[in-house]
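Everything below concerns the one structure shown next.
It should be emphasised that the depicted structure is a prediction, and the values quoted were computed from it without experimental measurement. Each chain gets a letter, A, B and so on, in the order the sequences are listed, and its residues count up from 1. Note that these values count all heavy atoms, side chains included, but never hydrogens, waters or copies made by symmetry.
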2 protein chains.
Amino acid sequence: MPSRSERSLADRISAGGRRLTPQRVLVARALADARRALSAQELYDRLHTTQPRLGRATVFRALEAQVQDGMARRLERSGHVSVYVACDPEHHHHLVCERCERVEDLDEKLLQPLLRSVDSRYGFHVNHTALDIYGLCASCRRASRKAAG
Amino acid sequence: MPSRSERSLADRISAGGRRLTPQRVLVARALADARRALSAQELYDRLHTTQPRLGRATVFRALEAQVQDGMARRLERSGHVSVYVACDPEHHHHLVCERCERVEDLDEKLLQPLLRSVDSRYGFHVNHTALDIYGLCASCRRASRKAAG
DNA sequence: TTGACAATGATACTCGGTCTCAACTAGCCT
DNA sequence: AGGCTAGTTGAGACCGAGTATCATTGTCAA
């Protein structure tokens, strides 16, 4: 039942001062439903099968708009293609599971001590931080423990 | 007088089980001397003027090798081109000044508390983290304060 | 309803980065 | 020193993610 999230998706698109188009909703919903990081191309491939009229450039533009409006974040993986994750405005850092590829939000409060010491120790004034933590999420960890032991 | 750093550059290249070629030394030294993040293309442009025989692919390969050997780190900026910073093996996170583009190493110890709480709170097993902090370095901060006040 | 202007879709294009392959050379072995 | 061989180089073709262009379409405020 996507009523609530559906609603807020549309709201958030409009809130950015953008026109509410079916394509943008489509892309936003697909990304949110995926609950993991996807590249623009992956997203396009998925959507294009059921929406043959959807253009590739539109997907790129919609994702870029989402990033600007704080609805998504672009992760620059060590590979080379950018991948996108849906996120809410106050979560900009993620725990990325390398096994199941699920993405979890990191509580921003956990970063505060680090940022404070960067300021006090280096005299560095922080504007923004790019932090992504890669590893094994709790459930994959349990699974691998069970398999091993 | 680059004797010491020169020496260790060569050592570190060989230590990776790689052949010590003039090209690799060239690239490594240029990156280390820059003391800021540079894209492969920028590095190529700089070197190519004085070393016309140096190939573009060679620069890309040398940088990639440096990353693998822990001599450099690739920063995936929000733009799209990767930029590289020289770094020593135990520093993998950086403070990047948005004004002067200088790059400073972050003391890894400052990260420990964060990583511990990620483990205890989310049950997430950290493999590696990508952290880059953007803002104003101490000297640019002073300069802008002086100019403002 | 209508009209202005943002958004779309198709496609050409840019350009970072990789691949290929013949020529070369660092480093080892004798 | 001389030779061998596998790793490396350089040149350029190639790939593919992302962008620009532009005619067409659709949103939404008036």
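- Nearer the 5' end of DNA chain C, as judged by each residue's closest nucleotide, is the contact made by Gln23(A), out of Gln23(A) and Ser14(B).
- Counting to the nearest Å, the C1' atom of dG16(C) and the CG atom of Asp45(B) are 12 Å from each other.
- Salt bridge status for Arg73(B) with Asp105(B): absent, with no side-chain N to carboxylate O gap under 4.0 Å.
- Separation of atoms CD (Glu104(A)) and SG (Cys137(A)) is listed at 7.0 Å; rounding is to 0.5 Å.
- One can place CG of Leu47(B) at 13 Å from P of dT9(D), the figure rounded to the nearest angstrom.
- If you measure from atom NE2 of His48(A) to atom P of dG9(C), you get 10 Å, rounded to the nearest angstrom.
- For Arg24(B), the side-chain atoms get nearest to dT8(D) when compared with the rest of dA17(D), dT8(D), dT8(C).
- Taking NE2 of His93(A) as the start and CG of Leu111(A) as the end, the distance is 5.5 Å to the nearest 0.5 Å.
- Counting to the nearest Å, the P atom of dA29(D) and the CG atom of Leu20(A) are 11 Å from each other.
- Across the protein-nucleic acid pair, Ile13(A) atom CD1 and dT8(C) atom P stand 10 Å apart, rounded to whole Å.
- For the pair Tyr44(B) OH and dG12(D) C1', the computed distance is 11 Å after rounding to whole Å.
- Applying the 4.0 Å criterion to OP1 and OP2 of dG18(D), one finds that Ser82(A) has a side-chain N or O inside that range.
- In this model, the phosphate group of dT8(C) is approached by a side-chain N or O of Thr21(A) to a distance below 4.0 Å at OP1 or OP2.
- Across all strands shown, Pro52(A) has no heavy atoms under 4.0 Å from either base or sugar-phosphate atoms.
- Comparing dA17(D), dA7(C), dG17(C) against the side chain of Ala40(B) picks out dG17(C) as the nearest.
- Here the closest heavy-atom approach between residue Tyr44(A) and residue Leu54(A) is recorded as CE1-O, 3.4 Å.
- Note that CD of Gln41(A) and OG of Ser82(A) are 12.5 Å apart. Values are rounded to the nearest 0.5 Å.
- When only modelled atom types and interatomic distance are considered, Gln68(A) and Arg18(A) share a side-chain donor-acceptor pair under 3.5 Å.
- For Arg19(A), whose side chain is taken as the heavy atoms from C-beta onward, the closest listed nucleotide among dG27(C), dA7(C), dA17(D) is dA7(C).
- Remark: the Arg18(A) side chain and the dA7(C) base include no donor-acceptor N/O pair separated by less than 3.5 Å.
- Between the side chain of Thr21(A) and the backbone N or O of Arg24(A), at least one donor-acceptor pair lies under 3.5 Å.
- Rounded to an integer number of Å, the gap from Leu38(A) CG to dG18(D) P is 13 Å.
- Heavy-atom distances under 4.0 Å link DNA chain C to Arg56(B), Ala57(B), Phe60(B), Arg61(B) of residues 53-65 of chain B, given in residue order.
- Per the geometry, CG belonging to Asp69(A) stands 14 Å off C1' belonging to dA6(C), to the nearest Å.
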